[in-house]
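Below is one structure; the comments refer to it alone.
Just so it is clear, the structure is predicted and the values come from calculations on it, not from any experiment. All residue numbers in this chain count up from 1 along the given sequence.
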Amino acid sequence: MKISDVSRIKGDSLEVDVLVSPRSNRSGPEGYDEWRKRLILRVKAPPLDGRANKEVEETFRQITGFKCEVTSGQLNRQKTVTVYGDPSKAMESIEGSM
């Protein structure tokens, strides 16, 4: 599976479907969920008061270098993260972090 299987280009941004695993012992991408067609992302933060969402956004910002925002699934483990910037560079950065 590739990042293009779990993402969509929307104009000048990239939407990535993510499955978040909170309260993990480390942060970062873990691979792909073949059934849900989502990128698995581990975060250390608990899913309380939006802390896991903030860590998801920060992790994607560190990986891609672009502003990132959780645009769907704020109260769910299955989220959509929008990366605002050059979609092809963002896809390369995410692929490189795997």
Side-chain angles (χ1 to χ4, degrees):
M1 195 167 225
K2 300 183 299 185
I3 190 65
S4 59
D5 297 331
V6 298
S7 63
R8 297 167 297 290
I9 296 175
K10 295 281 184 150
D12 290 342
S13 63
L14 179 71
E15 289 184 347
V16 184
D17 294 326
V18 180
L19 179 66
V20 177
S21 180
R23 290 190 174 134
S24 193
N25 58 352
R26 65 177 189 82
S27 294
E30 184 66 24
Y32 298 100
D33 184 320
E34 299 282 334
W35 294 98
R36 293 183 179 102
K37 300 255 191 270
R38 291 181 177 273
L39 173 73
I40 299 170
L41 183 69
R42 295 186 180 273
V43 294
K44 292 180 180 179
L48 301 170
D49 302 323
R51 287 188 267 178
N53 287 337
K54 289 184 193 302
E55 189 172 339
V56 167
E57 293 170 350
E58 179 62 23
T59 301
F60 268 91
R61 189 194 62 74
Q62 289 174 354
I63 291 170
T64 63
F66 297 116
K67 179 182 183 244
C68 303
E69 179 182 10
V70 175
T71 53
S72 175
Q74 284 81 2
L75 300 177
N76 195 334
R77 288 183 57 191
Q78 296 184 36
K79 303 179 183 302
T80 300
V81 177
T82 302
V83 180
Y84 299 100
D86 183 9
S88 59
K89 286 183 182 177
M91 288 174 80
E92 287 177 22
S93 299
I94 296 168
E95 278 285 341
S97 70
M98 299 298 291

Selection residues 60-76 - residue pairs positive for salt bridge (Lys or Arg N to Asp or Glu O under 4.0 Å), sequence neighbours left out: E58-R61
side-chain hydrogen bond (donor to acceptor under 3.5 Å, both in side chains) partner of D17, the single match among K79, K37, R8, R36: R8
Considering all heavy atoms, the nearest G85-F66 contact: CA-CD2, 3.7 Å
T82 and T71 side chains, donor-acceptor separation under 3.5 Å: yes
V70 backbone acceptor or donor facing E57 side chain under 3.5 Å: yes
Side-chain heavy atoms of V20 within contact of R38, under 4.5 Å: no
Joint hydrophobic cluster, L39 plus L19, side-chain heavy atoms closer than 4.5 Å: no
Within 6.0 angstrom of D12 CG, more than 12 heavy atoms from elsewhere: no
pair I63-P29: side-chain heavy atoms closer than 4.5 Å: yes
Main-chain N/O of R51 paired with D49 side-chain donor or acceptor, under 3.5 Å: no
From E95, E92, M98, residue fulfilling side-chain contact (heavy atoms from CB on, under 4.5 Å) relative to I3: E95
Interatomic distance, Y32 atom OH to I40 atom CD1 [nearest 0.5 angstrom]: 10.5 Å
Spatial distance of atom OG (S93) from atom CZ (F60) [nearest 0.5 Å]: 11.0 Å
Stepwise side chain to side chain contact (heavy atoms under 4.5 Å, CB included) test for V56 and V43: CA-CA 7 Å; V56 167; V43 294; 3.9 Å; yes
Nearest-0.5 Å distance, CD of residue E15 to OG of residue S7: 9.5 Å
Enclosure of L75 CG (heavy-atom neighbours >12, cutoff 6.0 Å): no
Close side-chain approach of P22 and R77, heavy atoms under 4.5 Å: yes
Given V81, D86, I94, T64, the one that forms side-chain contact (heavy atoms from CB on, under 4.5 Å) with L14: I94
Check: N53 main-chain N/O paired with Q74 side-chain donor or acceptor under 3.5 Å: no
Salt bridge flag under 4.0 Å for residues R26 and E30: yes
Gap separating the NZ atom of K44 from the OG atom of S27, nearest 0.5 angstrom: 5.5 Å
